[in-house]
**Student:** 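Below is a structure I'd like to ask you about.
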Amino acid sequence: MDQAKKIGILTSGGDSPGMNAAVVSVARCVMRKGLKLMGIKRGYNGLLGLSENPGDDIEYLDPETVLDIMDMRGTYLRTARCPAFLNPDVRKKAADDLREQGIEALVVIGGDGSYHGALELCRLGIPCIGIPGTIDNDLSYTEATLGYDTAVNVCVEAVRSIRATSRSHDRPAVVQVMGRNCGDIAMRTAIATGAEMVIVPEMEWDLQEVADRLSFLIKKGNTRATLIISEHCWHKMKPFDWRKVIADNNYIIHDDDPLTAERLALTLKLLSHTEARATVIGYTQRGAIPSAYDSAFAFEAGRMAVDLLSGDTSSFEHGFAIGVHDGRVYSTPFADALDENKPKYFDEELYHLINSL
Ligand code: F6P
C-alpha cells in the first residue's frame, strides 16, 4: 500500500487536554487530501468490539461533527485502557478487522502504553502514528506531551489561590498534583508559584526533613509555605513511623491505612505545630480546556500525522511518534520514542534549589 485512503483515529489511556483539538486537526488535514477519517471509540476497545454498544465503536467523522468538538473538554472519542491488547492474538484480530473495514492506517493519541499497542499494529502491517496525549510529560523523546502545559496551568492557578488562603490564615498547604511516575507537573507548578517545597517520585525524601524545613520556615516568619507533592511519591519516602505520630496525638489510624496528602498534612501539622491543610487537584488537570500551547501543538501534530500517513507508508513497520524537540514538532520511530535506554531527564539541581530557597 502506498497511500492510506481511509484512516482511523483513537484516543487511549487517560484523557488529556488537546486530544479533541488533535482529532480536529487530523480531520481537517485528512479531508483536504480527499481521504476519509473514521473515529474509533474508547481506545483499542473500539477495535475489539468490547464496548457496551458495539454498533457505536467506529464512526465516520464528517466535517460538521469534528468542528463541534474543537472546544469540547475531555475526549469526544472517549478513552479507555485496554489490557486485552497485550495479547498478540487479540492484536492480530484487531489488525485483520481494521483491514476488513478498509481502515488502512491509524492515528493513536495516548501515552507510552498506547504507543506499545501502536508499534505492534505497525508490525502487523497497519501503519500507525502516535501523538503523545498525556498530561504526565513522562516520555523521554519529547519536550512536551499534549495536555501537560494545560495541566500545569490548572495547577498553577489552583496553587495561587491556595497560597492566597494560606497567607490569609497563616496556614501551610500540601497540594497533590498528578503525573504518575513523573514529577514534571509538580516541579513546574512549584517553580511557577514560588512553592517552598516539592516532592517527586524521582527522588528519595524524608518526612522528618520536610517537617524540619517547614518548622524552619515558620520560625523565619513564613507561616504559609506550600509543599507540592506528586502522586505516587510515597514509595520514595525513607522509613518513618508517621502512624505513630498520628496515634500518639489521639487521632484514629489503622495499620493498613496508606499515607495520603491529607495524612501527610496531619503529620506535618503535628510535627511542626502548625495548621497544615491538604488539597488534591485531581481530574481538573485532565478535563480542562487546552491552553494555547496545547491547542497549537495539537494542530501541528495532527498535520504531521496526516502528512506522514498520506505519503509512502510502505516502510512503516516501526511507525512514528510525534513530539517536540528544540521547541519544534518532529517525528521519530516508535522504537526510539519507547527506548528504555533513554531515560527521561530530571533536573536534580532544580529540585534541590526549590527545596532550599
Ligand atoms: O496518565 C495520566 C494520569 O492522570 C496519571 O497522572 C495518573 O496516575 C493516572 O492517569 C490516573 O488514571 P485514572 O484515574 O484514569 O485511572
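Residue numbers count from 1 along this sequence. For clarity, every value in this text was computed on a predicted model and none was experimentally measured. Remember, it's 1-based here, ligands and their atoms both numbered in the order they're listed.
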**Student:** Before accepting this row, confirm whether a basic side-chain N of the pair D97/K93 lies closer than 4.0 Å to the acidic partner's carboxylate O.
**Tutor:**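 Counted as a salt bridge, because a side-chain N and a carboxylate O are separated by less than 4.0 Å.
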**Student:** Could you tell me the separation between the CG atom of L67 and the CG atom of L61, rounded to the nearest 0.5 Å?
**Tutor:** 11.0 Å
**Student:** According to side-chain hydrogen bond (donor to acceptor under 3.5 Å, both in side chains), who are the partners of Y76, at least two apart in sequence or on a separate chain?
**Tutor:**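 Expected list: E59.
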**Student:** Decide whether T75 and D15 meet the rule of one side-chain donor and one side-chain acceptor closer than 3.5 Å.
**Tutor:** no
**Student:** So if I only count non-hydrogen atoms and take anything under 4.0 Å from ligand 1, which residues does that give, chain by chain?
**Tutor:**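 Correct list: R81, T134, D136, M178, G179, R180, E231, H232, Y283, R286.
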**Student:** Taking only Lys NZ, Arg NE, NH1 and NH2, and the carboxylate oxygens of Asp or Glu, determine whether D184 and R188 approach each other closer than 4.0 Å.
**Tutor:** no
**Student:** Tell me whether K36 forms a cation-pi arrangement with Y60, defined as NZ or CZ under 6.0 Å from the six-membered ring centre and within 45 degrees of its axis.
**Tutor:** yes
